[in-house]
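This report concerns only the one structure given below.
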Amino acid sequence: MKKFLKNLFSIYIIFFAGTAWPQVADGDFSIGVPKAFEGVWERDDRFVIFSCNDSEEKAKQKEEAAILLKTFYAWHLDRCAEPESFTAARSPNDSTCPEAERIFIEYRPLVTSRQSGEEASVWELFIWHPRLREAKVVPAAIIGGNLYLDFAVKLGGEESEDPLAGFWAQMSKADGIKVCPPLMTSDIYSNYITKDAVYTIRYWRTDMEYTNEMAFFSDGGQTFSVVKHIQSAGKVYTCANGRSVTIRNVQKTNDRPSVYQLDKEAQICGLGEPYLKKVQDKGSQEAVVALEKEYNSRRAPTPDPPFPPSNLDWHLDDIRRLEAGNKIIEAVRKRQREFAEKYPGREFF
């Protein structure tokens, strides 16, 4: 695993030495929760807390995470995954499992922007779900206070004042950081962006061995080179068949990303809206209890009546006068009175 991760980013050293490309860490797992992940992260359907262990447990390599789901249209907070030490503080009910799941995460750094330090970085999260023997590997990028699962890293291109110009290698995308194992994309689509066009290149999973080869595609008289293989989430992806280095079926458009976030050096690009946003700098059991108390103490407002208020006058005296002498209606009213006597508190006219 360590070997092929180093192969993945050796491209930086071979092709971009001396330029302002991202720097690659040594590939070792982080001890404890990295500073970039500390705190409470939120999206519309959940809270995720990566750093929720007690301080004396920080020396452990695998750290436990907490996931709080916003159930019942976000009116109830379900503490569905958290460390075992939190159990005493939980408030089980019909909407909460008696025992929370335990999820462990290991953090492996891949890319850190050379000048921005912790401001932007790329990681692989090895998530250990209950009852599974192998970890699920989820690539993630952090830019500022935003965490992206859909992102790309710049791996080449000509020097340009345009921050989006160049080859952006996309990483495989998980459908979320969840209590259940995530689903990963089978194909990844990378883009070579120029002043006049966007070339979309499909990379698909392959069993072939990873290499540092470059592949090529042309547009008229101009030829572009990109990496033939991308390794992401423990899988190898290729853009050319067999030993070929010719890329076919490249899609050319003018569709530049419309919603994105770049790091300061324009080497890491989060695509679309972030998956999670940091809302607190410290994650702890106290933070979990406070969030649960805040959410579960709220009461939904009284819903509006299904029909607008009415000023109808039923003229009950006239109704009784018209019913007088009608044997059928009198029999119905008698049954209503008997029912009211049997069940007090009901009113009938």
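Note that the numbering runs from 1 along the sequence shown for the chain. If you're wondering where the values come from, they're calculated on a predicted model, not measured in any experiment.
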Q) So do the side chains of Glu323 and Arg333 get within less than 4.5 Å of each other, counting heavy atoms only? A)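 The answer is yes, as the side chains (C-beta and beyond) meet within the 4.5 Å cut-off.
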Q. Side-chain contact, heavy-atom cut-off 4.5 Å: Leu110 with Trp123?
A.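 Contact flag for Leu110/Trp123 side chains = no.
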Taking all atoms of both residues into account, what is the closest heavy-atom pair of [X] and [Y], and its distance?
X: Leu262; Y: Pro163; answer: CD1-CB, 3.8 Å
X: Glu64; Y: Arg102; answer: OE2-NH2, 2.8 Å
X: His129; Y: Cys180; answer: NE2-O, 3.3 Å
X: Asp263; Y: Ala120; answer: CB-CB, 3.3 Å
X: Ala324; Y: Glu330; answer: C-OE2, 4.3 Å
X: Met184; Y: Ser172; answer: CE-OG, 3.8 Å

Which residues pass the side chain to side chain contact (heavy atoms under 4.5 Å, CB included) test with [X], not counting sequence neighbours?
X: Thr253; result: Val198, Gln251, Asp255
X: Asp45; result: Arg43
X: Glu42; result: Phe47, Lys70, Val279, Tyr295
X: Glu273; result: Val259

From [X] [atom1] over to [Y] [atom2], what is the distance, rounded to the nearest 0.5 angstrom?
X: Asp318; Y: Arg320; atom1: CG; atom2: CZ; answer: 10.5 Å
X: Phe72; Y: Asn296; atom1: CZ; atom2: CG; answer: 10.5 Å
X: Ile193; Y: Ser160; atom1: CD1; atom2: OG; answer: 10.5 Å
X: Ser225; Y: Ile247; atom1: OG; atom2: CD1; answer: 9.0 Å
X: Ser190; Y: Leu155; atom1: OG; atom2: CG; answer: 8.0 Å
X: Ile103; Y: Glu63; atom1: CD1; atom2: CD; answer: 14.0 Å

Q: Start with the C-alpha distance between Lys252 and Asp196, add both sets of side-chain angles, then the distance that settles salt bridge (charged side-chain N to carboxylate O under 4.0 Å, His left out), and finish with yes or no.
A: CA-CA 10 Å; Lys252 180 181 178 181; Asp196 303 318; over 6 Å; no
Using the test salt bridge (charged side-chain N to carboxylate O under 4.0 Å, His left out), find all partners of [X] that sit at least two apart in sequence or belong to another chain.
X: Glu158; result: none
X: Asp150; result: Lys173
X: Lys178; result: Asp175

In this structure, would [X] and [Y] fall into the same cluster of hydrophobic residues linked by side-chain contacts under 4.5 Å?
X: Leu276; Y: Leu69; value: yes
X: Val250; Y: Val245; value: yes
X: Ile230; Y: Met214; value: yes
X: Leu149; Y: Leu271; value: no

Using atom types as modelled and distance alone, determine if a side-chain donor or acceptor of [X] lies under 3.5 Å from a backbone N or O of [Y].
X: Glu82; Y: Glu101; result: no
X: Gln267; Y: Glu265; result: yes
X: Lys235; Y: Ser186; result: no
X: His229; Y: Thr211; result: yes
X: Lys282; Y: Ala287; result: no
X: Ser244; Y: Ala240; result: no

(Q) Applying ring-ring contact (aromatic ring centres under 6.0 Å, His included), can you list everything that pairs with Phe224, at least two apart in sequence or on another chain? (A)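 Result, ring-ring contact (aromatic ring centres under 6.0 Å, His included) vs Phe224: Tyr192, Tyr199, Phe217.
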Q: Any side chain to side chain donor-acceptor pair (under 3.5 Å) involving residues 302-311? Give me the pairs, sequence neighbours left out, ordered by first then second residue.
A: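 Qualifying pairs, neighbours excluded: none.
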(Q) Quiz question: by atom type and distance under 3.5 Å, do the side chains of Thr206 and Thr238 form a donor-acceptor pair? (A)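 There is no such pair (donor and acceptor under 3.5 Å, judged by atom type) between the side chains of Thr206 and Thr238.
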Q. Does a donor on one side chain sit under 3.5 Å from an acceptor on the other, for His76 and Thr71?
A.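 Side chains of His76 and Thr71: no pair found under 3.5 Å.
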Q | Check against ring-ring contact (aromatic ring centres under 6.0 Å, His included), Tyr107 and Phe29 | A | CA-CA 6 Å; Tyr107 305 83; Phe29 284 108; 9.3 Å; no
Q) Taking the six-membered ring for Trp, are Phe167 and Tyr203 parallel (under 30°), tilted (30 to 60°) or perpendicular (over 60°)? A)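 If you compare the ring of Phe167 with that of Tyr203, the planes turn out tilted.
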Distance-only donor-acceptor pairs under 3.5 Å for side chains of residues 133-144, two or more places apart:
none

Q) Partners of Thr194 by side chain to side chain donor-acceptor pair (under 3.5 Å), sequence neighbours excluded? A)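 Per chain and number, Thr194 pairs via side chain to side chain donor-acceptor pair (under 3.5 Å) with no residue.
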Q. Who passes side chain to side chain donor-acceptor pair (under 3.5 Å) against Arg205, sequence neighbours left out?
A.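 By the side chain to side chain donor-acceptor pair (under 3.5 Å) rule, Arg205 matches Tyr237.
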